[in-house]
Protein chains: 2
Amino acid sequence: MSKITIQQIAKLAGVNKATVSRVLNKSASISEKTRLKIETIMKENNYIPNSIARGLAFNKTFTVGFCFDYTDKQAFSNPFFYKVLQGVEEVIYDNDYLFLMMSDHDKKNEKSTFERIVTEHRVDGIIMPNSLLNEMNYNLLISHNMPFVVIGENILVKEGIRWVDVDNTHAAQILTEKLISLGHRNIVIFAEAAAIQRDKFIVDRLEGYKKAIQQHGMIPRIIDGQDQLNDQLLPDAVICCSHEQLFEILEWERDNPDLAEIGLATFDDSPMFRHMRHPVHFVEIDLEMMGKQSAELLFKLINNEVNVPESIRIPTILIN
Amino acid sequence: MSKITIQQIAKLAGVNKATVSRVLNKSASISEKTRLKIETIMKENNYIPNSIARGLAFNKTFTVGFCFDYTDKQAFSNPFFYKVLQGVEEVIYDNDYLFLMMSDHDKKNEKSTFERIVTEHRVDGIIMPNSLLNEMNYNLLISHNMPFVVIGENILVKEGIRWVDVDNTHAAQILTEKLISLGHRNIVIFAEAAAIQRDKFIVDRLEGYKKAIQQHGMIPRIIDGQDQLNDQLLPDAVICCSHEQLFEILEWERDNPDLAEIGLATFDDSPMFRHMRHPVHFVEIDLEMMGKQSAELLFKLINNEVNVPESIRIPTILIN
DNA sequence: TTGAAAGCGCTAACAC
DNA sequence: GTGTTAGCGCTTTCAA
């Protein structure tokens, strides 16, 4: 029953509630004596300030929103998602903030949760994937003066977008070199045209791949469908840009036993990899760090710090 | 700039803000004419009521907390976790509520996020896994009059705990029978003593397994370590109570090629299963439904409905 | 049916 | 240093 208010504490202490408020907010001008007295009384009575009321007075929510891409039904099962989330979470809790999950899926005839949270000012800032930053959401955020940070390099050509991303180019380069060092000499990369159009990170990974291949005097080759994996030109290794792609290749392998000998590689580890029929090579990307950095960037914006960086690029780390 | 307040709307409409408040809350006593006028003005000015202020007046947050077990570092990667979450989310958004993620990990010298959220009344209700409902958290919730629903059958002997769980006994029975119908005749179940002590769902699964085995005139056998998988008594199928256990068995298989022929089975599908070296049988449990039901139960509590069920048991569904 | 005014619990000018 | 007072934006008696 923490129904006790600042007013009652004030009465018990024989002071004005403003004085109590001052000790709550560690205001300077307060005598040691009354501060101690008030603190004691607060302890004794288990006083907890009402955060809603504080929010109303401060015009703040002490909450940030974390937005996930619901169009990807697998979002939750994606390691990408939860690793980033863990990083975000840590920073948010350290700052004594809470975090609200938000999705952007439409509700029949109603506002999406995203829109609702922004228009109602239910959070002080938002972390969202670049896939969700379309023009409409951008305008919404800007017109409501809502600070936000994008996860994944931003591609929308607009002002004032901060983003955090990993170094995909470098990661692909490392991964390709790893395959080369393992003796592979005919390495292709799997990337569908549509995905290249859509996702900047795939373009970057292609670039890193090409770089490494050409440095070793080989010729890069991009495939975007099963038909290109025919026996005349059978590669000895395939790099997959996502786990979904990896699964596709594994499906193909079923119908085509020739593929069984091919080396497979992708980005990000998964606990399942070690139990697959087919061994999978990978390079680790520091997703948790990406989450941390986004949250830290967001707090800089929320606190109106100066010289907030436009973007942060996380270096690739090589894990054995 | 949705900085417009109820007061300004009132002024524009030439009425008192109380009148505007009445149309906001669909109060009965209002003339059709003024209601229409006010509604028009609200539309024109894109008026959004301030939810913080509403919260203060209503003494509500319109938010529920979803608590996950952070001690399990894999919580996020666990299919259990996100499937339940999806169900929860759907119901919460349909009720125009938002949801806050909360963890229960300690912060040095400070309150845990869980405690903070409860004591500060940052949510109107909480959904949490049974593993987190210890005596301390229970007392906290009760003393703060915070409605909550437990996911997984409750085992704490206390008053007023509502829980939602799947029918683990039946699920295990179905799974066992599936293996029998596939021709297996020496099926064991893998469950460590410690886990049996800790998790009620394992006890239930053991029971369902025994039931099916005995109905077919066979003898149930529980193993709780690799050493029990020796060649004299090599089973022809192993049921794993969790995906973690499944991975353990797969690890053992590496060192012991004899195990390669054993049938493997577990609960809940995973997209990875179809790509494993070793085929995995499974029975699907409706985790999303568990999430939905928990959320619905919680709303009944929040809205002070009468005759709220003590607990809900979700039947097992058989997916091909 | 509507308005006036008090209040939700807290903060922040401004006085003293 | 501390009290007074006026908000923050909304709801809700109580009168009119």
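We name chains A, B, ... by the order of the sequence lines, and we start the count at 1 in each one.
Under 4.0 angstrom from either OP1 or OP2 of dC10(D) there lies no side-chain N or O belonging to S21(B). Contact between the side-chain N/O atoms of Y47(A) and the OP1/OP2 oxygens of dG9(C) is not found at any separation under 4.0 Å. An OP1 or OP2 oxygen of dT2(C) is reached within less than 4.0 angstrom by no side-chain nitrogen or oxygen of N16(B). Contact check, R54(A) against dG9(C): no side-chain N or O comes under 4.0 Å of OP1 or OP2. Note on T34(A): every side-chain N or O is 4.0 Å or more away from OP1 and OP2 of dG1(D). Regarding contacts with the backbone of dT11(D), a side-chain N or O of N25(B) is found under 4.0 angstrom from either OP1 or OP2. Remark: T19(A) is in phosphate contact with dG3(D), judged by side-chain N or O atoms under 4.0 Å from OP1 or OP2.
When rounded to the nearest whole Å, the span between CG of L36(A) and P of dT2(D) equals 11 Å. The interatomic distance linking K17(A) (NZ) with dG1(D) (P) rounds to 23 Å, in whole Å. The interatomic distance linking F58(A) (CZ) with dG7(D) (P) rounds to 19 Å, in whole Å. Across the protein-nucleic acid pair, I9(A) atom CD1 and dT11(C) atom P stand 13 Å apart, rounded to whole Å. Separating the NZ atom of K37(B) from the P atom of dT1(C) is a distance of 15 Å, rounded to the nearest angstrom. Atom CZ in R35(A) sits about 11 Å away from atom P in dT2(D), given to the nearest Å. One can place NZ of K26(A) at 11 Å from P of dT11(C), the figure rounded to the nearest angstrom. Between the CD atom of Q7(B) and the P atom of dA6(D) there is a distance of 16 Å, given to the nearest Å.
Each of V15(B) and I6(A) was matched to the nucleotide of DNA chain C holding its nearest heavy atom; the match closer to the 5' end belongs to V15(B). When each of L56(A) and A18(A) is assigned the nucleotide of DNA chain C bearing its nearest heavy atom, the one mapping closer to the 5' terminus is L56(A).
Among the protein residues, N59(B) comes within range of no part of the nucleic acid, since none of its heavy atoms lies under 4.0 Å from any strand.
A donor-acceptor contact shorter than 3.5 Å is absent between the side chain of N130(A) and the backbone of N154(A). Listed for the R162(A) side chain is no donor-acceptor partner under 3.5 Å among the backbone atoms of S294(A). A side-chain donor-acceptor contact under 3.5 Å links N139(A) to the backbone of E135(A).
Here the rule is side-chain contact (heavy atoms from CB on, under 4.5 Å) with I312(A), and of M290(A), M289(A), Q293(A) only Q293(A) fits it.
Looking at the side chain of S31(B), the nearest of the listed nucleotides dT2(C), dT11(D), dT2(D) is dT2(C).
Residues T61(A) and I52(B) are in side-chain contact: their nearest non-hydrogen atoms beyond the backbone lie under 4.5 Å apart.
The base of dG3(D) sits within donor-acceptor range of the side chain of R22(A), with an N or O pair under 3.5 Å.
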